[in-house]
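Report on the structure given below.
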Amino acid sequence: MPSSFYLSAAHKSSGKTIISLGLCAAFKQQSLKVQTFKKGPDYIDPIWLTQASGVPCYNLDFYNMTDDEIIQLYNNQSVNSDLTIIEGNKGLFDGMSVTGGDANADLVKLLNIPVVLVIDSTGITRGVAPLLSGYQAFDKNLDIVGVILNKVASERHESKLIQAIEYYTDIPLLGCVRRSKSLVIDERHLGLIPVNETLQLQTFINKVASIIIDQVDLNVLMNLNCIKFNKQIINTNTIKKKITVAIAKDRAFSFYYQDDLDKFESLGVNIKYFDTLKNHNLPVCDGLFIGGGFPEMQLKALNANQLLLENIKTKIEQGLPTYVECGGLMYLTNSITYNKQTHPMVGVIDANTYMTPKPVGRGYVELTPTDEHCWSNVSKRIYAHEFHYSKLKNINVNTRYAFKVLRGVGIDNKFDGIIKHNLLASYTHLRNVTGNAWVVQFVNFIRKIKKKKS
């Protein structure tokens, strides 16, 4: 049975991701297979965790997954690992509901695993004791097995913190991580900068690992066990005739859920990744998927690749089944304006994208399909999320939409999912779950179009 623990905190920006990265890399150096998970809708942290562990990270989300789905995904992906680490979001008891039910603590109880708290010790000494005691008392059904103090200022600061914890609490201290510029990841408007844009990435991760090895008790963490469930997903979905889906994956587009990609493969889909900055033509394919990312940071390079822009526009206008999300949507519009500079893009969507200094849509969304939706068997209620600092202007008045927005922003606070040719382009990030089997729907749509052409 692999060791498992849930890394949480008292509040966001406590340094959970840095600690997680260091732990993953440190255990990987011991030739251990580390399976990571991230709570909630997040693309960037999982990219970092995947890089540090060498194993794809998966998201666990109460909003769009059932309890059974969470248990199954967790169990199926961690069963062959030596160590399982779940990184929480925000604080241990933070969630949408004031009465709980969707917080990190609820995920901990659902999976029945121990908690390790990462405490940002900035500006605190003796006060760490009532903080920890309060977290223990708030929900006694949780097993808080240890604390890692982060951003410790000095040896004197560390001594005061240790004395307070040992005198007033019975929570084991697992490590004291000193404040260091070596442990800082630059941030951007959506959070941590994606791993595939960071120079000398592995050098940075290795440096973090060396600090964690020196300042955290890895042996204790390796011996934290939890109950495993015997629920496994048995996939019976197969497609006899293979289809090929081209997926953009590069410095501009990198936001994909690993279980969505797994679902494509389980359906017999051949995935061909391509680089929007380097490749001049799409791979030979039956369908196209472009996820989210930061295209605004690569505008010159994207615009310079005119051959690909023209190729994508031609293929879509010729009827290539295409699905794009957020950054992919921006890429397909007439232009993107950022920092007072405008660069023409694919131009298949008759609208212009403008970057904004503040978030336009950020958080969970609820959608219902319109009669214009081109896929079959679409769920009547879709629970997903959006994160965009951009909006569309000069939208063609004849634009058709696939979704009505019940919660969230989408394209214009009313609708999302532009429909054109065989294209569906949305600000919403979908997740293939029981309540929204979008990958299955898209693949079936591709098969339908391919059959018509044959």
request  = State whether a side-chain donor-acceptor pair under 3.5 Å links Asp262 with Gln258.
outcome  = yes

inquiry  = Looking only at the side chains, is there a donor atom on one of His280 and Asn311 sitting less than 3.5 Å from an acceptor on the other?
reply    = no

key: Polar side-chain atom of Ser379 near backbone of Gly435 as donor-acceptor pair, under 3.5 Å   = yes

inquiry  = Taking NZ in Lys453 as the centre, count heavy atoms belonging to other residues, nucleotides or ligands within less than 6.0 Å. Is the count above 12?
reply    = yes

ask   = If you measure only the distance, is there a donor-acceptor pair under 3.5 Å linking the side chains of Asp416 and Thr428?
value = yes

ask   = Is the side chain of Asp250 donor-acceptor paired with the backbone N or O of Thr276 at a distance under 3.5 Å, no angle test?
value = yes

task = Taking atom NZ of Lys151 as the centre, report whether more than 12 heavy atoms of other residues, nucleotides or ligands fall under 6.0 Å from it.
result = yes

query = Between the side chains of Ser81 and Thr84, is a donor N or O closer than 3.5 angstrom to an acceptor N or O?
reply = yes

ask   = Only one of Lys404, Arg407, Arg381 clears salt bridge (Lys or Arg N to Asp or Glu O under 4.0 Å) with Glu366; which?
value = Arg381

Whether Asn444 side chain and Gln441 backbone form a donor-acceptor pair below 3.5 Å = no

query = Side chain of Asp106, backbone of Asp102: donor and acceptor closer than 3.5 Å?
reply = yes

ask   = Is a donor on one side and an acceptor on the other found under 3.5 Å between the side chain of Asn422 and the backbone of Gly319?
value = yes

Beyond-backbone contact of Lys39 with Tyr6, side-chain heavy atoms, under 4.5 angstrom = yes

note = Test side chain to side chain contact (heavy atoms under 4.5 Å, CB included), reference Arg178, set Leu149, Leu183, Val152, Asn150, output is Val152

ask   = Tell me, do Ser20 and Leu49 make a side-chain contact under 4.5 Å, heavy atoms counted?
value = yes

query = Can you check whether Phe289 and Trp438 have ring centres sitting under 6.0 Å from each other?
reply = yes

inquiry  = Restricting to non-hydrogen atoms, name the atom on Lys90 and the atom on Ala9 that form the minimum distance, rounded to 0.1 Å.
reply    = O-CB, 4.3 Å

query = For the rings on Tyr383 and Tyr364, is their centre-to-centre separation under 6.0 Å?
reply = no

Mind listing the side-chain donor-acceptor pairs of residues 26-36 below 3.5 Å, one per line with the distance, residues two or more places apart or on another chain?
| from | atom 1 | to | atom 2 | distance (Å) |
| --- | --- | --- | --- | --- |
| Gln35 | NE2 | Pro56 | O | 2.8 |

ask   = When you look at Leu392 and Ile418, which way does the side-chain contact (heavy atoms from CB on, under 4.5 Å) test go after all the steps?
value = CA-CA 11 Å; Leu392 302 189; Ile418 292 175; 4.1 Å; yes

query = Does Thr66 reach the main-chain N or O of Glu69 with its side chain, forming a donor-acceptor pair under 3.5 Å?
reply = yes

request  = Report the residue from Ile113, Leu7, Val108 that forms a side chain to side chain contact (heavy atoms under 4.5 Å, CB included) with Ile86.
outcome  = Ile113

ask   = Are any side-chain N or O atoms of Ser8 and backbone N or O atoms of Val118, one a donor and one an acceptor, separated by less than 3.5 Å?
value = no

query = Quick one: are the ring centres of Tyr58 and Tyr257 less than 6.0 Å apart?
reply = no

request  = Check whether any side-chain heavy atom of Thr368 sits under 4.5 Å from a side-chain heavy atom of Ile382, and report yes or no.
outcome  = no

query = Is a side-chain N or O of Thr370 found less than 3.5 angstrom from the main chain of Tyr401, in a donor-acceptor match?
reply = yes

Aromatic Tyr354 / basic Lys391 pairing, under 6.0 angstrom, 45° off normal = no

inquiry  = Measuring centre to centre across the rings, with the benzene-like ring taken for any Trp, is Phe294 within less than 6.0 Å of Phe255?
reply    = yes

ask   = Are any non-hydrogen side-chain atoms of Asp286 and Pro321 less than 4.5 angstrom apart?
value = no

key: Heavy-atom closest contact (Thr353 atom, Ser390 atom, distance)   = CG2-CB, 3.8 Å

task = Give the intermediate values and the outcome of salt bridge (charged side-chain N to carboxylate O under 4.0 Å, His left out) for residues Lys16 and Glu87.
result = CA-CA 7 Å; Lys16 296 186 302 295; Glu87 182 190 326; 5.3 Å; no

task = For Asp260 and Asn432, indicate whether the former's side chain and the latter's backbone hold a donor-acceptor pair under 3.5 Å.
result = yes

Asn334-Asp350 side chain donor-acceptor pair, cut-off 3.5 Å = yes

message = So, using salt bridge (charged side-chain N to carboxylate O under 4.0 Å, His left out) as the criterion, who are the partners of Asp259 when residues are at least two apart?
response = Arg431

inquiry  = Are Leu221 and Phe5 packed together at the side-chain level, in the sense that at least one heavy-atom pair is separated by less than 4.5 angstrom?
reply    = yes

note = When every non-hydrogen atom of Val177 is compared with those of Ile19, the smallest separation belongs to CG2-CD1, 3.8 Å

key: Residue of the set Thr17, Thr50, Asp45 for which side-chain hydrogen bond (donor to acceptor under 3.5 Å, both in side chains) holds with Lys38   = Asp45

ask   = Mind checking what makes ring-ring contact (aromatic ring centres under 6.0 Å, His included) contact with His429, not counting sequence neighbours?
value = Tyr43, His385

query = Are any side-chain N or O atoms of Ser3 and backbone N or O atoms of Met222, one a donor and one an acceptor, separated by less than 3.5 Å?
reply = yes

